[in-house]
Amino acid sequence: DCVLNDRCPKLGVKKPASKGKSRKKDSIKTLISWNVNGIRAVEKKGLINIILDSGANIYALQETKAHPSQLSEQLLNIDGYSSYFASAKRKGYSGVAIYTKEKPIHVIEGIGDPLFDDEGRVITLEFDDFYIVNAYFPNAQHELARIDYKLQFNQQILDFMEELRKKKTVILCGDLN
């Protein structure tokens, strides 16, 4: 049952009519999205146990600031999860990761533009009935120094997700800055 059921009618949202199928309890997925501001630093603070204790199906992390080659074997292979990474070419900068209990059909690193993909800002996993896009959006920076870059990225990722949406549901998570 949805935790927002009491609020929905007040907001004008109606529960969809049942189509004769009841949702299996095991088909419900739990997603946690977290800007870790350095995956190696948060590992020292218990990241692996946090992931294991949460039981979430999918963990989407942003601002990992590391290449997989810089990570411990334990962090790369958390029991019961598969891990996927998109890293910046520049070490110690941006980066995203996804840990998932269910193996995806397909993994897409980036959005198809080296201008953004070289910064390791997006990773997409395709599952049977949805895509999950984990993104670390650029910050416009002080005095909007990178506002044009940010706006370009916003348009590119929107176009990317629109193409995916033609095939199946798209879930966007991440740090939208």
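Worth knowing before you read on, the calculation uses all heavy atoms, side chains too, and leaves out hydrogens, waters and symmetry mates.
Leu31 places a side-chain heavy atom less than 4.5 Å from the side chain of Ile171. Counting heavy atoms from C-beta on, the side chains of Val96 and Thr64 never come closer than 4.5 Å. With a 4.5 Å cut-off on side-chain heavy atoms, Val170 and Phe130 do not count as touching. Ile157 is not listed as a side-chain neighbour of Phe116, based on a closest heavy-atom distance of 4.5 Å or more.
Other residues, nucleotides and ligands place no more than 12 heavy atoms under 6.0 Å from the CG atom of Asp79. Other residues, nucleotides and ligands contribute only 12 or fewer heavy atoms inside 6.0 Å of the NZ atom of Lys89.
Linking ILVMFWY residues whenever their side-chain heavy atoms come closer than 4.5 Å, directly or via other members, places Phe85 and Leu61 in the same cluster. Taken together through direct or relayed side-chain contacts under 4.5 Å among Ile, Leu, Val, Met, Phe, Trp and Tyr, Val133 and Ile111 form part of one hydrophobic cluster. In terms of hydrophobic clustering, with Ile, Leu, Val, Met, Phe, Trp and Tyr side chains grouped at heavy-atom distances under 4.5 Å, Tyr93 and Tyr149 are assigned to different clusters. Connection of Tyr131 to Leu158 is not established within any shared hydrophobic cluster, with ILVMFWY side chains joined at heavy-atom distances below 4.5 Å, either directly or through further cluster members. Under the 4.5 Å side-chain heavy-atom criterion for grouping Ile, Leu, Val, Met, Phe, Trp and Tyr, Leu176 is connected to Met161 within one hydrophobic cluster.
A donor-acceptor pair under 3.5 Å is absent between the side-chain atoms of Lys150 and the main chain of Asn139, judged by distance alone. No donor-acceptor pair under 3.5 Å is formed between the side chain of Asn35 and the backbone N or O of Glu63. Side-chain N or O atoms of His67 include one that pairs as donor or acceptor with a backbone N or O of Ala88 at under 3.5 Å. With hydrogens and angles ignored, the 3.5 Å screen pairs a side-chain donor or acceptor of Ser72 with a backbone N or O of Leu75. The backbone N or O of Tyr136 sits less than 3.5 Å from a side-chain atom of Arg121, completing a donor-acceptor pair. A side-chain donor-acceptor contact under 3.5 Å links Lys168 to the backbone of Asp128. Checked by atom type and distance alone, the side chain of Gln62 pairs as donor or acceptor with a backbone atom of Ala60 at under 3.5 Å. Of the possible donor and acceptor atoms, one in the side chain of Ser83 sits under 3.5 Å from a partner among the backbone N and O of Leu76. A donor-acceptor pair is defined here as one N or O able to donate and one able to accept, closer than 3.5 Å; no such pair exists between the side chain of Thr100 and the backbone of Ile58. Not a single donor-acceptor pair under 3.5 Å links the side chain of Asn134 to the backbone N or O of Ile98.
Note that CH2 of Trp34 and OG of Ser54 are 10.0 Å apart. Values are rounded to the nearest 0.5 Å. How far OG of Ser94 is from CG of Asp118: 10.0 Å, rounded to the nearest 0.5 Å. A distance of 6.5 Å separates CD of Glu43 from CD of Gln74, quoted to the nearest 0.5 Å.
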What's the verdict on side-chain hydrogen bond (donor to acceptor under 3.5 Å, both in side chains) for Asp148 and Gln152, showing C-alpha distance, side-chain angles and the deciding distance? CA-CA 6 Å; Asp148 290 337; Gln152 271 185 282; over 6 Å; no

Trace of the side-chain contact (heavy atoms from CB on, under 4.5 Å) decision for Thr124 with Ile132: CA-CA 6 Å; Thr124 303; Ile132 182 157; over 6 Å; no

Run the side-chain contact (heavy atoms from CB on, under 4.5 Å) check on Tyr81 and Ile51 step by step: do they pass? CA-CA 9 Å; Tyr81 289 85; Ile51 290 173; 3.7 Å; yes

Taking it one step at a time, do Glu126 and Ile108 satisfy side-chain contact (heavy atoms from CB on, under 4.5 Å)? CA-CA 8 Å; Glu126 178 184 3; Ile108 304 167; over 6 Å; no

Could you check Ser33 against Tyr59 for side-chain contact (heavy atoms from CB on, under 4.5 Å), going step by step and ending with a plain yes or no? CA-CA 6 Å; Ser33 179; Tyr59 249 93; over 6 Å; no

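Of the residues Ile78, Val42, Leu52, the one that meets the side chain to side chain contact (heavy atoms under 4.5 Å, CB included) test with Leu47 is Val42.
With respect to the salt-bridge test (charged N to carboxylate O, under 4.0 angstrom), the residues Arg165 and Glu162 qualify. We find that Glu102 and Lys29 are joined by a salt bridge, their nearest charged nitrogen and carboxylate oxygen being less than 4.0 Å apart.
In this structure, Phe153 and Phe137 have perpendicular ring planes: the angle between them is above 60°, well past the 30° mark.
Residues Ala66 and Leu71 come closest through the heavy atom pair CB-CD2, 3.8 Å.
Ring to ring, Tyr99 and Tyr84 are not that close: their centroids are 6.0 angstrom or more apart.
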